[in-house]
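Below is one structure; the comments refer to it alone.
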Amino acid sequence: MARKSAIPPSYYGEPHKFDPTFRGPVHQRGCTDVLCCVIFVIVILGYIVLGTVAWMHGDPRKVVYPTDSYGQFCGQQGTPNANKAILFYFNILQCANPTVLINLQCPTTQLCVSKCPDRFATYIDMQINYRRNKSYWEYYKQFCKPGFNYPDKPVSHVLRDEDCPPMIVPSRPFLQRCFPDFITRNGTLTVANQTIFKDGHGRIRSVVDLRDAANGITSLLDAKEVGIKIFEDYASSWFWILIGLVISMLVSLIFILLLRFTAGVLFWMVIFGVIAAVGYGIWHCYWEYSSLQGKPDSDITISDIGFQTDFRVYLQLSQTWLIFMISLAVIEAIIILVLIFVRNRVRIAIALLKEGSKAIGCIMTTLFYPIITFLLLALCIAYWAVTAVFLASSGDAVYKVMSTLPNCKYTNLTCDPETFSQSNVTKLCPGSQCTFAFYGGESLYHRYIFVLQLCNLLVFLWVVNFTIALGQCTLAGAFASYYWALRKPEDIPACPLASSFGRALRYHTGSLAFGALILSIVQFIRIILEYLDHKMKGAHNAFTRFLLCCLKCCFWCLERFIKFMNRNAYIMISIYGKNFCGSARDAFFLLMRNVMRVAVLDKVTDFLLFLGKLLISGSVGVLAFFFFTRQIPVIQEEVPSLNYYWVPLLTVIFGSYMIAHGFFNVYAMCVDTLFLCFCEDLERNDGSPSKPYYMPPGLHRILEKTDQAGKKCAVS
């Protein structure tokens, strides 16, 4: 006996009745969600105004060039510092950490210099040696204040007025700033082969004190060296990276074209190809693991050697191959288990994918629409980044009192460098100075810079999501034109993609903006939660961390649900031309009335398309691996010399996956549109001569079998 449902059919809305005049996407339609469209246009105009104001007040030179204690840019052309592009700190021992240095908050005089010191020296030693050799002063004075030329001035007065640094240490420029040139020799930290130095105040200090003052600089310098090597690898291998990406584009295009004729065979080949490739990977990892057993130093753990820029070091460890083998085994088990559970549904999904390939074959221009989306997204990202930089660099130079005395009450108070010498501060706090601190201001604009940055981020998310929504609605309208053509391809209207793009932009800008706004608000909240979580990583309040984790999880789920509903709402908008809320409601009820079919097809088709993307990117990645590791004898001599072969390899793999993702995204949108049209077709028509189905007979037979199988499962 069949189990009766407790939910009446009308609970999920009434199905559409037969309309003999319905022939696919409605052409006679009006503008929808006009209010949201007006708001969106106003926000875009405001966004342009925000960018203009930021451009007027901002100065990217504040980001590009370091600034000395007088508010002058180092290295800027047309200024006295044109040939002095490096910032020098008088007493780096007073700087707490690299963040303080980079943010120009170090409580010591900062000066623009043409080069960093290359030797140890103190002002006291300079005065002693100056009497017999004037060159000592000629070298030392380039690190003193401009115009200071009194080498005989008492040392105590010089250090009090900070006319010259008490000491200089061998340094090298990093981020256009002079940092001590640390070198580790036989496990001992040194600077110019020395472990101790004079600090200019009569004390002997250890190089470790310099390291503590510039904590983390060594790792940053190493990161810079790695960055330079990576840049060199890109410069020497960009041509071959481009060839790899072109190959992946051609393979993706050929794959989609072949789906039109051999969808079933091709997808089964993809499934078994991925299983075989992962299986081979497991065997290869086991073979490498076994061959390393017993070799000296192969049993060292990854944590023992730490981070190494040369990844080949890790390949000499048995633990690396063990981790690879376990990871691949888990992936293989997941794929096999998923296929076991959906084995009866794969055939249905393949049939729908085959129909999708026919639709794409009839409207080939849809394959190139992602290029338009990519260009629009690149424009949005560039505008957001430029606006953010100009906002961050807005403001005037702010000067604050800096004193070496610990109990000076004027320390960190705002001051005017032009009138500071006549104030009482210099008398109450001897040796204090009015030096540049940061860029800011007290005006209404400057007080709300942070708020404007948040607005910049929110509008950026809105525009990006609108661009994606426009692409989804455009593709959905084109594929709906294909489905609702009774005779395919004869009844497909001319230029379906261009017509769909025009309808979406002319009539439904407000609806697309409405859906994009809802999604953008959720994403904005998620970004704020991620920021709070980052700030609270060191907190010990377990309840707060737990609550934050729950909120992040909830909003992640909400974002996924909204993306799913928006996607289907845009399909309904492209077909019927209703507003966003009405289309979202119709799409939701339509999916709920066909929930079994949704469960069968949605995730199964996504899984099959993911395997296709995985196979394409993996195949191109394997080819790139053999090429960049010089394992292809025919073109071995053409391989460029690389510092890290994994740099172009990972670039090719990631780029290939993104290219395949772009092509297959069109495919996924096609399948989703055809599925919703199929559900509408079943509710509108019954297959009789007066109300014929628009779906191909083969697809209808397969889906009918699915419905019968689902009904058998409901028998109790």
Worksheet item: Ignoring hydrogens and geometry, is there a side-chain-to-backbone donor-acceptor pair from S290 to W287 under 3.5 Å?
Response: no
Worksheet item: Heavy-atom distance under 4.5 Å between the side chains of C677 and W484, does that happen here?
Response: yes
Worksheet entry | Closest non-hydrogen atom pair between I653 and S617, with its separation | O-CB, 4.0 Å
Worksheet item: Got a sec: does the CE of M269 have more than 12 other heavy atoms crowding it under 6.0 Å?
Response: no
Worksheet item: Are the side chain of S574 and the backbone N or O of I571 linked by a donor-acceptor pair below 3.5 Å?
Response: yes
Worksheet item: Are side-chain heavy atoms of S619 and V251 found at a separation under 4.5 Å?
Response: no
Worksheet item: Among all residues two or more places apart in sequence or in another chain, which pass the ring-ring contact (aromatic ring centres under 6.0 Å, His included) test with F255?
Response: F664
Worksheet entry | Whether over 12 other heavy atoms sit under 6.0 Å from F555 CZ | no
Practice prompt. Take T474 and L470, measure what side chain to side chain contact (heavy atoms under 4.5 Å, CB included) needs, and give me the verdict at the end.
Written response: CA-CA 6 Å; T474 299; L470 178 62; 4.0 Å; yes
Discussion item. Measuring from atom CD1 of I372 to atom OG1 of T467, what distance do you get when rounded to the nearest 0.5 angstrom?
Written reply: 12.0 Å
Discussion item. Angle between ring planes, F40 versus F466, binned at 30° and 60°: parallel, tilted or perpendicular?
Written reply: tilted
Discussion item. With a 6.0 Å cut-off on the ring centroids, do F324 and W321 count as close?
Written reply: yes
Fill in: Derivation of the side chain to side chain contact (heavy atoms under 4.5 Å, CB included) call for L322 and M325
CA-CA 5 Å; L322 180 62; M325 182 175 65; 3.6 Å; yes
Fill in: Donor-acceptor contact below 3.5 Å, side chain S520 vs main chain L461
yes
Discussion item. Are the side chains of L475 and T673 in contact, using a 4.5 Å heavy-atom criterion?
Written reply: no
Response to the item:
In this structure, CG of L517 is separated from CD1 of I521 (nearest 0.5 Å) by 4.0 Å
Item to complete: Could you grab the distance from atom CD1 of I575 to atom SG of C473, nearest 0.5 Å is fine?
Response: 9.5 Å
Worksheet item: Do the side chain of Y47 and the main chain of V463 share a donor and acceptor less than 3.5 angstrom apart?
Response: no
Worksheet entry | Worked check of side chain to side chain contact (heavy atoms under 4.5 Å, CB included) between C37 and D33 | CA-CA 6 Å; C37 178; D33 295 305; over 6 Å; no
Item to complete: For the residue pair L379 and Y383, establish whether any side-chain heavy-atom pair is separated by less than 4.5 Å.
Response: no
Worksheet entry | Sub-4.5 Å side-chain heavy-atom contact between T651 and Y234 | yes
Discussion item. Looking at every non-hydrogen atom in both residues, tell me the closest pair between L590 and C679 and how far apart they are.
Written reply: CD1-CB, 3.8 Å
Item to complete: For residues Q523 and K563, determine if any side-chain heavy atom of one lies less than 4.5 Å from a side-chain heavy atom of the other.
Response: yes
Discussion item. With rounding to the nearest 0.5 angstrom, report the CD1 to CD1 distance, I326 to I282.
Written reply: 11.0 Å
Worksheet entry | Over 12 foreign heavy atoms within 6.0 Å of CZ, R630 | yes
Discussion item. Using 0.5 Å steps for rounding, measure from the SG atom of C362 to the CZ atom of F479.
Written reply: 10.5 Å
Discussion item. Please verify the inter-ring angle class for Y570 with F580; under 30° counts as parallel, over 60° as perpendicular, anything in between as tilted.
Written reply: tilted
Discussion item. I'd like to know whether the aromatic ring centres of F628 and W240 sit less than 6.0 Å apart in this structure.
Written reply: no
Worksheet item: Any donor and acceptor pair, going by atom type alone, linking the side chain of Y667 with main-chain N or O of S357 inside 3.5 Å?
Response: yes
Discussion item. Counting neighbours of CZ on F524 that are heavy atoms of other residues, nucleotides or ligands and sit closer than 6.0 Å, is the number greater than 12?
Written reply: yes
Worksheet item: OG of S248 to CG of L253: how many Å apart, nearest 0.5 Å?
Response: 11.0 Å
Item to complete: Check the side chains of N566 and Q472 for a donor-acceptor pair under 3.5 angstrom, ignoring hydrogens and angles.
Response: no
Worksheet item: Quick one: does F588's side chain get under 4.5 Å of L591's, heavy atoms only?
Response: no
Worksheet entry | Closest non-hydrogen atom pair between I573 and N579, with its separation | CG1-O, 4.3 Å
Worksheet entry | Residue pair Y483 / F678: nearest heavy atoms and the distance that separates them | OH-CA, 3.3 Å
Practice prompt. Determine the minimum heavy-atom distance between A469 and L512, stating which atoms define it.
Written response: O-CD2, 4.0 Å
Worksheet item: Would you call F663 and K613 a side-chain contact if the rule is heavy atoms closer than 4.5 Å?
Response: no
Fill in: Worked check of side chain to side chain contact (heavy atoms under 4.5 Å, CB included) between W462 and L458
CA-CA 6 Å; W462 194 2; L458 180 59; 5.8 Å; no
Worksheet item: Which heavy-atom pair separates I363 from A478 by the least distance, and what is that distance?
Response: CD1-O, 3.3 Å
